[in-house]
Amino acid sequence: MSRLFSRVRGLGVRSVGARGWAGYAFVLIAFAWMPANAQSNSVGIFESHGDVGTVLHPGSVDYDAATRSYTISGSGLNMWSVADAFQFAWKKMSGDVTLTADIRFLTKTGNEHKKAVLMLRQNLDEDSVYADVALHASGLTSLQFRDEKGAITYQIQSKLSAPSRLRIAKRGDYVYMSLGSDGASDKLQIAGGWLRIPLQGTFYVGLGVCSHDKDVVEQAVFSNVELTQPSAAAGQPTLYSTLETISTNPADRSVAYIQQGRFEAPNWTRDGKAFLFNRDGRIERLAVDIERLAVDIDRPVMIDTGFANRCNNDHGISPDATELAISDNSQADHNSLVYIVPIGGGAPRRITQKSPSYWHGWSPDGKTLAFVGQRDGEFDIYSIPAAGGEETRLTTAKGLDDGPEYSPDGKYIYFNSERTGHMQIWRMKADGSEQEQVFSDDLNNWFPHISPDGQWMVFLTYEADVKGHPESKDVMLRLMSLSDKKITVLAKLFGGQGTINVPSWSPDSKQLAFVSYMMVPGE
């Protein structure tokens with residue numbers, strides 16, 4: 001009886017006295033045969049509601065038409081891993097969708113990871129493909145997603161804690177989140193995402209609550225709810241760049257910095273306190289609060305590189321952290337040359353005499369640089385003394401060789417080469433001898449970066465039909481254990497050129513930095 005009464009509450013029935021049961025008997029009979037996730041009663045703008053997954057305590061939805069607000073009660077162990085359990089108010093839709101709401105929990109008690117979410121979901125199975133913007137009781141706000149049925153859930157954590165207004169948007173095949181703290185829809189800021197989530201045909205759009213405790217029911221209020229379908233996009237989409245960090249275990253992503261326009265190729269400083277990246281031909285430094293892994297109020301500082309004002313995305317920090325190698329196109333024939341400047345900025349010291357040359361690696365003893373040079377129409381890998389001098393050609397195979405980087409012990413240079421017909425990861429001794437392929441597959445793999453502890457290699461992967469390393473592509477960051485050569489997918493993202501061109505591991509080998517991109521269409 002309590003289970004059926006819970007569903008009646010979803011119709012807006014607040015209480016039922018002893019004399020009122022006869023009047024509601026028809027409601028109980030009508031609903032008695034229905035499964036919990038297939039109720040036919042509408043609530044506000046939504047078609048129905050019910051529990052998804054296994055819950056011990058059925059949830060409910062109360063709609064207040066006067067305030068257009070929804071109070072949702074939900075139980076459930078979690079919305080995570082390979083199965084979800086929560087109360088869901090939904091509407092079936094297709095195409096582009098935007099769902100926006102103010103969200104607050106009714107109590108501050110309970111598990112700090114109880115969740116109130118705005119969700120897009122393929123179906124009502126507990127392991128369905130989905131994406132949601134989830135507000136946790138702790139204030140943590142993230143874009144959670146499962147991009148294959150039965151797969152585990154991943155998330156991108158926002159920089160903004162405890163926003164009051166949240167939005168999830170689907171444009172084409174991509175999903176992203178926007179957040180704000182003042183409750184105004186026109187002041188929401190894009191907060192990250194642009195993930196390809198394969199929602200096919202008709203899918204479910206709605207509001208959800210999970211208590212994150214199977215024995216408890218928690219409540220959240222969703223107010224000023226707006227569910228819209230935008231008209232066809234007009235004009236060119238707006239580009240956003242997002243500097244993200246990701247942990248190797250678990251593979252949680254966090255937004256560190258997001259801005260309209262393009263920036264590229266983060267280095268993580270040797271002390272772990274800042275990122276360096278290139279934007280509009282200059283190198284910028286972004287301070288990081290290590291305890292919270294949050295950027296210091298979004299204020300990058302430009303590093304003085306003198307006349308070198310056309311720096312590209314091939315730059316990196318010396319082993320002793322006193323110097324910065326840059327690749328710049330500002331001089332002579334405007335082809336890239338390699339220079340070294342003091343880490344805090346100063347006059348560039350030219351290293352390569354021939355162009356184009358693109359820096360990629362610094363030997364652990366600080367004495368030698370590895371770079372890519374185009375000579376006589378061929379791109380090969382070269383080394384050169386950091387003090388300047390003659391360059392030494394290390395590869396001679398036909399086809400592009402790129403991305404050279406030293407192993408932490410200095411014995412090897414890892415690089416990518418298309419000598420086999422498509423781009424694969426190779427390595428060689430530091431003097432160019434014993435060139436060997438690290439592994440083989442049918443994809444195109446670029447820019448190997450070895451963790452400071454020598455245990456891991458991360459690299460960028462394009463689909464098999466992609467030529468070169470273009471921007472604005474669906475790509476993967478993949479992680480190889482160098483001890484057993486096991487490869488796992490660390491992240492799927494929209495990026496490519498600019499994502500991870502240069503070394504970007506944290507000093508403790510537990511995280512790395514990369515740039516993802518968004519192409520948000522005009523409304």
Is the shortest side-chain N to carboxylate O distance from Arg121 to Asp84 below 4.0 Å? yes
What's the verdict on ring pair (Phe, Tyr, Trp, His ring centres under 6.0 Å) for His469 and Phe447, showing C-alpha distance, side-chain angles and the deciding distance? CA-CA 10 Å; His469 56 99; Phe447 304 131; 5.1 Å; yes
Please walk me through it: do Ser483 and Ser481 pass side chain to side chain donor-acceptor pair (under 3.5 Å)? CA-CA 5 Å; Ser483 61; Ser481 166; 2.9 Å; yes
Ring pair (Phe, Tyr, Trp, His ring centres under 6.0 Å) for Phe514 and Phe277? Distances and angles first, verdict last. CA-CA 10 Å; Phe514 64 96; Phe277 57 84; over 10 Å; no
Ignoring hydrogens and angles, tell me if any N or O in the side chain of [X] forms a donor-acceptor pair with the backbone of [Y] under 3.5 Å.
X	Y	result
Thr499	Val515	yes
Ser142	Gln157	no
Gln437	Phe439	yes
Ser247	Ala251	no
Gln144	Gln155	no

Apply salt bridge (charged side-chain N to carboxylate O under 4.0 Å, His left out) to residues Arg299 and Glu284 and explain how you reach the verdict. CA-CA 10 Å; Arg299 293 180 181 173; Glu284 299 183 36; over 6 Å; no
Ring center gap for [X] and [Y] short of 6.0 angstrom:
X	Y	value
Phe263	Tyr257	yes
Phe275	Trp268	yes
Tyr174	Phe494	yes
Tyr414	His449	no

Tightest non-hydrogen contact, residues Leu179 and Ser158, listed as CD1-OG, 3.1 Å
Over all heavy atoms of both residues, which pair between Ser451 and Pro408 is shortest? Give the atoms and the distance, please. O-CG, 3.2 Å
Does [X] qualify as a cation-pi partner of [Y], given the criterion of NZ or CZ under 6.0 Å from the six-membered ring centre and within 45 degrees of its axis?
X	Y	answer
Arg427	Tyr412	yes
Arg146	Tyr154	no
Arg171	Trp194	no

List the steps, then state whether side-chain contact (heavy atoms from CB on, under 4.5 Å) holds for Val372 with Asp314. CA-CA 10 Å; Val372 176; Asp314 297 321; over 6 Å; no
Could you check Asp441 against Gln424 for side chain to side chain donor-acceptor pair (under 3.5 Å), going step by step and ending with a plain yes or no? CA-CA 8 Å; Asp441 65 14; Gln424 295 285 278; 3.1 Å; yes
To the nearest 0.5 Å, what is the distance between CE on Met457 and CD1 on Ile425? 5.5 Å
Between Phe371 and Tyr382, what is the ring plane arrangement, given parallel below 30°, perpendicular above 60°, and tilted in between? parallel
Are Arg270 and Thr322 close enough, and set up right, to give a side chain to side chain donor-acceptor pair (under 3.5 Å), and what steps lead you there? CA-CA 10 Å; Arg270 303 288 183 180; Thr322 63; over 6 Å; no
Just do the side chain to side chain donor-acceptor pair (under 3.5 Å) check on Asn312 and Asn329 with the steps written out, would you? CA-CA 7 Å; Asn312 57 53; Asn329 299 59; 2.9 Å; yes
Lys492 and Asp147: CA distance, side-chain angles, deciding distance, salt bridge (charged side-chain N to carboxylate O under 4.0 Å, His left out) verdict: CA-CA 10 Å; Lys492 298 177 183 178; Asp147 60 5; 3.4 Å; yes
